[in-house]
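Notes for the one structure printed next.
Here the structure is a predicted model, which means the values were calculated and not measured.
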Amino acid sequence: MVDSVAEEPRNVADLVRRSAARDGAHPALVSGEHRLTWAELDGLVDRAAVALRGLGLAEGDRVALQVGNTTDFAAVYFGALRAGLVAVPVNVGYTVS
């Protein structure tokens, strides 16, 4: 995981960290009445990364993300990237015919 603001970002999760360091109190995501600042989003991304790695996933493993179009998706997606995983978004509306 990234512990500090990297000079050159490895992936977009590093850009979340950079934005939190630069503009932590500014809004990052707005979904209806739910708002997250960059600092709040960065904290959620950290927690998601730790949780995913705690499942025994190793760097480079693929993880399917079946999360709706919410702020939770952003936290889990960036968390997977921060953990060094390959995030594979899955359509939440998909059903077996």
Between side-chain atoms of residues 65-80 and protein atoms elsewhere (two or more places apart, or another chain), which donor-acceptor pairs fall under 3.5 Å?
{"residue": "T70", "atom": "OG1", "partner": "D72", "partner atom": "N", "Å": "3.1"}
{"residue": "T71", "atom": "OG1", "partner": "H34", "partner atom": "ND1", "Å": "3.1"}

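For residues 56-67, there are no salt bridge (Lys or Arg N to Asp or Glu O under 4.0 Å) pairs, not counting sequence neighbours.
Side chains of L41 and V16 form a contact here, defined as non-hydrogen atoms less than 4.5 Å apart. Contact check for L85 versus L52: side-chain heavy atoms found under the 4.5 Å cut-off.
Between A49 and R82, the shortest heavy-atom contact is CB-CB, 4.1 Å.
Here the side chain of R47 pairs no donor or acceptor atom with the backbone of A51 at under 3.5 angstrom.
Remark: A20 pairs with W38, D42 by the side-chain contact (heavy atoms from CB on, under 4.5 Å) rule, at least two apart or across chains.
Separating the CG atom in L81 from the CZ atom in R10 is a distance of 9.5 Å, to the nearest 0.5 Å.
L15 and V86 are assigned to two separate hydrophobic clusters, defined by single-linkage of ILVMFWY side chains at heavy-atom distances under 4.5 Å. By the criterion of side-chain heavy atoms lying less than 4.5 angstrom apart, applied directly or through intervening Ile, Leu, Val, Met, Phe, Trp or Tyr residues, V12 is grouped together with V63 in one hydrophobic cluster.
Using a cutoff of 4.0 Å between basic side-chain nitrogens and carboxylate oxygens, D46 and R17 are scored as salt-bridged.
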